[in-house]
Structure formats: C-alpha cells, structure tokens
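Following: one structure in structure tokens, then a few remarks.
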Amino acid sequence: MERIDKENYYLDIAATVLERSTCMRRFYGAIIVQHDEIVSTGYNGAPRGRKNCLDLGYCTREAMKIPSGERYELCRSVHAEANAIISAARSEVLGATLYMVCKDPKTKQLIPHSTSCSMCRRLIINAGIRRVVIRDTDTRYRVVDVVKDWVEQDDSLPRQV
Ligand SMILES: [Zn+2]
Ligand SMILES: [Zn+2]
C-alpha cells in the first residue's frame with residue numbers, strides 16, 4: 001500500500017473542513033499549517049449570527065449570475081482563507097502554508113483552477129503566509145509562492161502591455 005503524501009494529507013483535511021461551508025455557490029475549505037502542525041481551519045460562510053446562504057435559500061451572487069471573480073461585495077460570506085487567518089495568532093501564520101479545496105455544492109465535484117479572490121490574496125500576503133496549496137484533482141494540486149506569484153505579480157495593477 002502506498003502512503004499518502006503530506007500535501008494530499010493536508011488537502012484531504014481541508015476537504016473535510018469544506019463540508020461545513022454554507023454558501024450555495026461554492027464550498028471552500030482551508031487549513032493553515034506551520035511546522036507540520038495545523039494551527040487553524042476555515043470555511044466560507046456568513047458572519048457569526050447572520051443568516052447563511054443555505055438558511056436564506058439563495059446566494060446573491062449566484063441568483064444574479066455574477067461571473068466568477070466579480071462583485072465580491074455582494075457575497076455575504078467570510079471567505080475560508082479569511083476565517084482561517086483570523087482564527088490564528090500572527091506568530092502561527094508567519095511562514096506558514098495554507099491548504100485550500102474548492103467544490104461545487106450541487107455536484108460535490110472539485111473546481112479545477114480555483115484560487116483565492118483578490119481580497120483574500122491581500123490578507124494572505126499581510127498574514128505572512130508563504131505558500132498556498134490548492135487542489136485540482138484528488139491527487140494533483142498547485143503551489144502558489146505568495147511572494148513570487150501574488151506580490152511580485154500584482155493583480156491589482158493594470159496589466160502590462
Ligand atoms: Zn453564497
Ligand atoms: Zn476570498
């Protein structure tokens with residue numbers, strides 16, 4: 001029997017965290033790992049005490065057919081990455097790795113090429129997280145080098161021509 005590699009082990013745990021997500025458009029699960037220890041977990045859902053998309057029976061961005069990546073101000077959720085970051089101490093996230101899984105709530109299938117939104121990227125950068133590992137299939141994943149991929153390639157600046 002082949003032993004599961006460490007990255008997929010943590011991604012499997014993030015996929016379990018995702019099961020608690022309450023948005024009807026997307027399920028996200030994230031965990032933060034530092035020195036081989038899980039320091040926090042997060043999934044996307046409405047702020048504590050507010051009604052979730054699942055309670056309301058609709059998701060505004062989904063109902064308005066907003067394309068992926070646009071109009072996040074309409075999203076009522078605190079995103080998985082943000083929830084994981086606010087649940088940990090700064091010392092626990094500095095240099096850490098964030099593992100993330102995204103699924104379609106209807107089909108329960110993985111969403112390939114999913115990534116963090118531009119607001120979460122900013123949080124991840126300032127939290128000092130070094131790597132983001134995102135699942136594409138049950139065994140394959142992408143590794144984001146936060147400084148190289150999100151700081152040096154700044155998606156909030158106009159595209160260079
Ligand atoms: Zn929603
Ligand atoms: Zn986000």
Side-chain angles (χ1 to χ4, degrees), residues 10-11 13-34 38-90 92-136 141-157 159:
Y10 286 129
L11 286 166
I13 296 170
T16 298
V17 173
L18 164 150
E19 299 291 329
R20 288 285 300 157
S21 174
T22 60
C23 179
M24 297 171 76
R25 180 186 176 102
R26 284 285 184 272
F27 283 172
Y28 282 95
I31 66 168
I32 296 175
V33 175
Q34 191 200 53
I38 298 169
V39 294
S40 69
T41 66
Y43 55 84
N44 60 321
R48 253 174 232 284
R50 288 193 181 173
K51 284 194 172 18
N52 288 304
C53 295
L54 277 177
D55 302 324
L56 294 168
Y58 66 91
C59 171
T60 308
R61 289 180 70 240
E62 181 79 346
M64 291 175 73
K65 299 197 165 57
I66 310 285
S68 155
E70 292 176 22
R71 310 232 26 215
Y72 274 105
E73 75 280 8
L74 293 173
C75 177
R76 306 181 65 257
S77 291
V78 178
H79 289 185
E81 306 96 304
N83 273 324
I85 288 169
I86 62 175
S87 297
R90 174 154 179 83
E92 293 173 319
V93 293
L94 275 175
T97 298
L98 184 143
Y99 293 86
M100 188 167 74
V101 177
C102 177
K103 285 186 182 176
D104 182 324
K106 287 176 212 87
T107 64
K108 301 271 160 45
Q109 297 298 303
L110 288 163
I111 306 275
H113 315 298
S114 59
T115 185
S116 294
C117 73
S118 63
M119 293 306 293
C120 286
R121 289 181 186 201
R122 295 176 200 178
L123 293 180
I124 288 166
I125 291 167
N126 269 15
I129 289 170
R130 197 168 56 85
R131 296 193 319 146
V132 178
V133 179
I134 309 168
R135 177 163 270 181
D136 277 323
Y141 52 83
R142 269 165 297 131
V143 180
V144 174
D145 180 313
V146 174
V147 170
K148 262 208 214 95
D149 299 327
W150 288 351
V151 177
E152 290 168 15
Q153 293 180 49
D154 187 341
D155 64 359
S156 64
L157 289 174
R159 241 178 253 285

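All ligand and atom numbering here is 1-based and tracks the order in the structure.
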- Query: Where is the tightest heavy-atom contact between I31 and V17, given as atom of each residue plus distance?
  - Reply: CG2-CG2, 3.9 Å

- Ignoring hydrogens and angles, state whether a donor on the side chain of R26 or S68 is under 3.5 Å from an acceptor on the partner side chain. no

- Atom of H79 closest to the Zn ion (ligand 2), considering N, O or S atoms: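 Checking each N, O and S atom of H79, the shortest distance to the Zn ion (ligand 2) belongs to ND1.
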
- Task: Assess R135 against Y99: is NZ or CZ under 6.0 Å from the centre of the six-membered ring, and within 45 degrees of the ring's axis?
- Result: no

- Out of V144, D155, I129, which residue meets the side-chain contact (heavy atoms from CB on, under 4.5 Å) rule with W150?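 Per the side-chain contact (heavy atoms from CB on, under 4.5 Å) rule, the option paired with W150 is V144, out of V144, D155, I129.
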
- Query: Which angle, to the nearest 10 degrees, do you find at the Zn ion (ligand 1) between SG in C23 and SG in C53?
  - Reply: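 Answer comes to 130°, rounded to 10°.
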
- To 10°, measure the SG(C117)-the Zn ion (ligand 2)-SG(C120) angle for me. 110°

